[in-house]
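Worksheet: one structure, shown below.
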Number of protein chains: 2
Amino acid sequence: MAPPVTLKHIAEEVNKTAVTVSKALRNHPDISKKTREEILRVAERMGYTPNLIARKLSSKSTRSIGLIVPHIAHPFFAQSIEAIYDEAHRREYDIILMLTGEDDGLEAQHIQSLLSMQVDGFLISVSETTKDISIFQNILNRGKRLVFFDRVMEGLDCSRVVCDNYQGTCDLVTFAIKNGYQEIGYIAGYSNNYIGRERRHGFEAAMTNAGLKIHPEWIIEGGFSQKDGYQGFMKLKGNGPLPKLIATVSYNVAMGVMKAIEEAGLTIPNDIDLIAFGDSEFNHFLNPALTVSRLQSREMGRRALDMLIRAIDLDDSESTEIVVPTELIIHDTGLNKKIERR
Amino acid sequence: MAPPVTLKHIAEEVNKTAVTVSKALRNHPDISKKTREEILRVAERMGYTPNLIARKLSSKSTRSIGLIVPHIAHPFFAQSIEAIYDEAHRREYDIILMLTGEDDGLEAQHIQSLLSMQVDGFLISVSETTKDISIFQNILNRGKRLVFFDRVMEGLDCSRVVCDNYQGTCDLVTFAIKNGYQEIGYIAGYSNNYIGRERRHGFEAAMTNAGLKIHPEWIIEGGFSQKDGYQGFMKLKGNGPLPKLIATVSYNVAMGVMKAIEEAGLTIPNDIDLIAFGDSEFNHFLNPALTVSRLQSREMGRRALDMLIRAIDLDDSESTEIVVPTELIIHDTGLNKKIERR
DNA sequence: GTGAAAGCGCTAACAA
DNA sequence: TTGTTAGCGCTTTCAC
């Protein structure tokens, strides 16, 4: 295989030096139009491809940002990541994506790799298992910018873009209450975790605001997955008489609950009703489709990237927070009226 | 911000040269255990982070591969990409992911960028709009390895990992036929495209093998999206009496068809039945859940990466093809018996 | 076992 | 407008 064409090769071809060629190819104003055009032509003809590795080393600028998330096969992440990529492309930044699979060790490893790759900043949605703050502190100490999105790290003064976990849940549950529901259960996430706690508070606020009694035996703690939802409903059922409506901490949990409800031979929404925080693209194909508080995934991704790049460009280390509201999407549940199955 | 620690700084600290430090940190056998341990300790203490950009330039090896796909918010891509990342991590390669959004211009741009980044190879699922082969030929001409997965480029002798579009569709339709269906329609993708054509042939083969008549007015060409499915059913309905069962070229198309069927006031599977090529994680929550030919997304991703790395390591430019079979997943449709709605 | 020399391909600063 | 010099941080080769 022919060795790649470099600036020097082009320089020889046009009887100029590598510096001149370098400038010409980058449209540096130094170079005369005539020379530039000749160089461009020759470079094209020779099939020149700039070596970004060398350019980055020399210029000490990478225009790249590290993106770390737990998964991509997940409605929120898939969409927010797409938005981040789109926006980064528009601003001529490269994204280097790494996946943790909810493994904090891997997360720390990826941060090291990305630091080694000299990224200008980090966009991180932390893994469920992450406890140690020092890795993130380390990023900040090196003068790199860091923005958390959705899954933030607590105890660290750092920029973040989150959805309105509290208000979103409160609105969702309030909607059901306004429709006449009073006996409401909640399948919660872990409350030692920011998102789980915020959403749970939103649930409790909705109940309290409406003067309704919160039944501790109707609040089940667990994780955020389908399996957790399934098990959550089982526990709930074991606790005695069921509530009339269940709200869940996440869409995945609602799916697990739905499965368990079906297996129990009950019907949604007539026997027991179900609403959820979150959403999925397939929701409106379900029967019944769930009333949900939907995250603005793309918007969150876009704004997180925007915030990061702004911090990089302005060399601004202030921490800011953006709370993106959720949207209440009303479908066939949480309505408290018997509906005819389609 | 303190300037980053380099090999030279460590070298000064331990009264050795940068070369020695470099070797020690990479566990080069040259270095004595004593020296290495001291260097490791000092590097740790000083918070040394290797500069990968410099290392890559100097060593002329990046151990990274470019991954180009149309989307990630898509069941197949999300899963296959996760598998690719996992496998790459295991083999200590970096993945640089770029998204085209089905835009062939962007695709070409990304290929250029990745070449500039000196990736060792490419893993590509081409965009729907891509026509021009020369960009891919260009990769090969530079001696880089390229493996297509799922969405392959025709007219190019190149390695690929695909699912069994033909057999998967044939098996799916044959299943319904064995259950007694005879009047079967097909909402196809574009037939000027590899995938669309293969699947359509699979449909036709199933019909022909069973000695059934293929009604041209029951085969509707279109794209692969939900919208295409919706419109496809509308067209089908406009063509006169409906078939008893519809098979679709993709799961998304089936979703569109499902919506259109519902809006037409018909019921699946009793009024008209529906089966699909593809799958989604939410399928079993649908009522009815569709009988489908499922792609082994993770397996396909894993094998594509494996094939690529093998080609890179062995410096092998032979083209090979892997066809990963699909799995017939039987749910509530394609059974040709009246079922009680849950 | 350690280090000196050279260079990866490019760019920044300055000189001509 | 163009070129010279120097160096980015690291690795490779080869001499000691």
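As the structure is a computational prediction, the values presented were derived from the model and not from experiment. So that the names make sense, note that chain A is the first sequence line, chain B the second, and so on, each numbered from 1.
Side chains of B:Asn138 and B:Arg142: a donor-acceptor N/O pair is present below 3.5 angstrom, by distance only. Neither side chain, A:Asp150 nor A:Ser125, offers a donor N or O lying under 3.5 Å from an acceptor on the other. In the model, B:Ser113 has no side-chain atom that pairs as donor or acceptor with a side-chain atom of B:Ser116 under 3.5 Å.
When rounded to the nearest whole Å, the span between NZ of A:Lys16 and P of D:dT2 equals 5 Å. Distance, A:Leu25 CG to C:dA12 P: 14 Å, rounded to whole Å. B:Ile39 places its CD1 atom 14 Å from the P atom of C:dG1, with the value rounded to the nearest Å. Atom-to-atom, CZ of A:Arg36 to P of D:dT1 comes out at 10 Å; the value is rounded to the nearest Å. At whole-Å resolution of the value, CD in B:Gln118 and P in C:dC10 are 9 Å apart.
When the side-chain nitrogen and oxygen atoms of A:Thr35 are compared with OP1 and OP2 of D:dT1, none of them lie within a distance under 4.0 Å. Neither OP1 nor OP2 of C:dA4 sits under 4.0 Å from any side-chain N or O of B:Thr17.
Note: B:Phe76 and B:His74 have perpendicular aromatic rings, judged against thresholds of 30 and 60 degrees for the angle between ring planes.
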Requested in this report: Do nucleotides 6-16 of chain D as a string where each nucleotide becomes B, S or -: B if the base has a protein heavy atom under 4.0 Å, S if just the sugar-phosphate does, - if no protein is that close.
Outcome: -BBBBBB----
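For the pair A:Phe77/A:Arg151, a side-chain contact is recorded, criterion being any heavy-atom separation below 4.5 Å from C-beta on.
No donor-acceptor pair closer than 3.5 Å links the side chain of A:Ser127 to the backbone N or O of A:Thr100.
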